[in-house]
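What follows is a short report on a single structure.
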Amino acid sequence: LKSSYTVPCDDYVHVVEFSPFDSGNQYVVVGTCCFQEEDMEVEGVEFTTLRFFHHVLRMDCLAWSPESRLDNLPQLIRFCTAAADRKVRLLTSDLQNQHEVKVMEGHTSYINHLVFEPTEGKQMASVSDDHTCRSASACAVLRVISSPHTGGGWTPEAIFKEGTIRFYDLVTQQAILSLDCGQSPLMSADWCLANTIKVGAVTGSDWVICDITRSSYPQEKRWSRISSQLLVHHLGHPQPVMIGSATVGAGLNWQRSLPLCVIGGDRKLTFWMTEM
């Protein structure tokens with residue numbers, strides 16, 4: 001199955017991230033997408049570039065702040081990035097004349113993932129190969145909460161490469177729950193926004209699903225050892241609901257309101273519309 005839409009880019013896309021909220025090599029491109037499924041006057045996809053942000057190094061991961069807004073004045077764009085220099089950068093812009101970058105240091109190894117607190121966006125957490133999960137508030141100071149981590153979702157949830165997903169309470173800075181995926185390495189994990197008792201993870205060459213109310217071990221495991229393909233699963237079906245032909249990409253992300261995901265790659269963004 002071929003992709004639904006493609007947007008050409010000037011350089012290789014290393015990271016791509018839809019903003020989950022309502023509102024290049026060394027560049028961050030912020031833009032809006034409108035799809036024909038949202039507006040009948042649009043043919044295919046309409047991509048509008050809002051601003052280019054120069055980035056000192058190639059960006060490895062990005063997280064959007066829920067404070068970002070385009071539907072009210074003044075407009076505000078806020079997101080954080082991580083790069084090979086082991087620093088977290090908080091970028092804020094009004095898309096006019098005001099632009100601010102705060103640099104946060106503290107990690108001593110590769111930063112694998114960033115996530116904002118999704119309600120107000122006043123806190124951000126980062127996880128790293130230096131065996132720490134660190135949090136930052138609006139004052140932009142990283143502090144240690146907690147082995148190496150690879151991804152996360154907000155409580156925050158920290159992902160240990162040896163196969164453990166651990167949940168932290170930011171008030172007490174203590175682990176309150178852990179899930180054992182049963183194998184390693186643990187490549188990534190995410191929390192289901194629509195059903196918060198479900199946590200999905202890629203471990204080894206399998207995709208596993210955990211239920212935090214039932215057991216510390218996976219409730220379901222699905223095979224994902226197919227190269228150069230995009231597999232879309234539905235929790236209610238034993239087989240993938242869509243298998244797409246896709247070269248190895250950089251970044252995989254879901255759109256907030258449509259059954260649509262995007263993959264970054266060599267000078268293009270590739271969008272896949274699924275039928276659930």
Side-chain angles (χ1 to χ4, degrees), residues 14-24 27-34 38 47-57 59-83 87-107 111-128 133-143 145 149 151-158 167-171 173 190-194 196 251 253-258 260-262 264 269:
H14 292 276
V15 179
V16 57
E17 193 85 19
F18 276 114
S19 173
F21 308 107
D22 289 326
S23 46
Y27 288 88
V28 182
V29 180
V30 175
T32 58
C33 288
C34 185
E38 298 175 299
F47 183 85
T48 304
T49 300
L50 298 178
R51 177 162 181 164
F52 286 88
F53 294 86
H54 180 73
H55 208 266
V56 178
L57 297 170
M59 183 174 56
D60 293 319
C61 51
L62 179 150
W64 282 99
S65 167
E67 294 179 291
S68 298
R69 60 181 183 273
L70 297 176
D71 52 354
N72 291 314
L73 295 177
Q75 293 181 323
L76 177 69
I77 292 290
R78 178 168 291 156
F79 58 94
C80 61
T81 67
K87 297 177 182 178
V88 175
R89 291 172 173 83
L90 178 66
L91 295 89
T92 304
S93 174
D94 64 356
L95 299 179
Q96 298 294 325
N97 301 317
Q98 296 183 0
H99 176 56
E100 181 184 18
V101 180
K102 290 184 178 180
V103 180
M104 295 168 273
E105 302 185 35
H107 283 296
I111 299 172
N112 295 295
H113 197 74
L114 303 164
V115 62
F116 274 95
E117 185 278 315
T119 304
E120 297 180 353
K122 300 301 183 183
Q123 289 183 298
M124 181 273 300
S126 57
V127 290
S128 165
C133 174
R134 295 173 181 261
S135 69
S137 62
C139 61
V141 176
L142 286 174
R143 70 178 191 275
I145 300 177
H149 310 74
W154 192 264
T155 302
E157 157 196 320
F167 297 76
Y168 288 98
D169 184 325
L170 279 186
V171 177
Q173 298 187 28
D190 205 357
W191 211 330
C192 178
L193 295 177
T196 55
N253 201 244
W254 284 95
Q255 208 262 4
R256 185 184 68 87
S257 58
L258 294 174
L260 180 141
C261 61
V262 60
L269 296 173

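Everything numeric in this text was worked out from a predicted model, so none of it was measured.
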_Spatial distance of atom CG (Leu114) from atom OG (Ser128) [nearest 0.5 Å]_ = 10.5 Å
*At what distance, to the nearest 0.5 angstrom, does SG of Cys80 lie from CG of Leu62?*
7.0 Å
side-chain contact (heavy atoms from CB on, under 4.5 Å) against [X], all qualifying residues, sequence neighbours excluded:
{"X": "Val16", "result": "Val13, Val262, Leu269"}
{"X": "Val101", "result": "Arg89, Leu91, His99, Val103"}
{"X": "Thr196", "result": "Trp191"}

_Intermediate values then yes/no, side-chain contact (heavy atoms from CB on, under 4.5 Å), Ser65 and Phe116_ = CA-CA 6 Å; Ser65 167; Phe116 274 95; 3.7 Å; yes
Can you find a heavy atom in the side chain of [X] that is under 4.5 Å from one in the side chain of [Y]?
{"X": "Glu17", "Y": "Trp64", "value": "yes"}
{"X": "Glu67", "Y": "Arg69", "value": "no"}
{"X": "Val88", "Y": "Glu105", "value": "no"}
{"X": "Met104", "Y": "Leu90", "value": "yes"}
{"X": "Pro74", "Y": "Gln98", "value": "no"}

*Taking Glu117 for its side chain and Thr119 for its backbone only, find out whether a donor-acceptor pair lies under 3.5 Å.*
yes
_Flag, side chain of Thr49 to backbone of Arg51, donor-acceptor distance under 3.5 Å_ = no
*asked:* Test side-chain contact (heavy atoms from CB on, under 4.5 Å) on Asp94 and Gln75; report intermediate values, then the result.
replied: CA-CA 5 Å; Asp94 64 356; Gln75 293 181 323; 5.9 Å; no
_Thr81 and His55: side chain donor to acceptor below 3.5 Å_ = yes
*Consider only side-chain N and O atoms of Arg78 and Ser68, and report whether a donor and an acceptor are under 3.5 Å apart.*
no
*Tell me, with the steps shown, if Leu50 and Leu70 meet side-chain contact (heavy atoms from CB on, under 4.5 Å).*
CA-CA 10 Å; Leu50 298 178; Leu70 297 176; 3.6 Å; yes
*So among Arg134, His107, His113, which one has a side chain to side chain donor-acceptor pair (under 3.5 Å) with Ser126?*
His107
*asked:* Looking at every heavy atom in both Val15 and Cys61, which two are closest together, and how far apart are they?
replied: CG2-N, 3.9 Å
*Which atom names give the shortest non-hydrogen contact between Phe47 and Cys33, and what distance separates them?*
CD1-SG, 3.3 Å
*Verify side-chain contact (heavy atoms from CB on, under 4.5 Å) between Thr92 and Ile77, making sure each step is shown before the conclusion.*
CA-CA 6 Å; Thr92 304; Ile77 292 290; over 6 Å; no
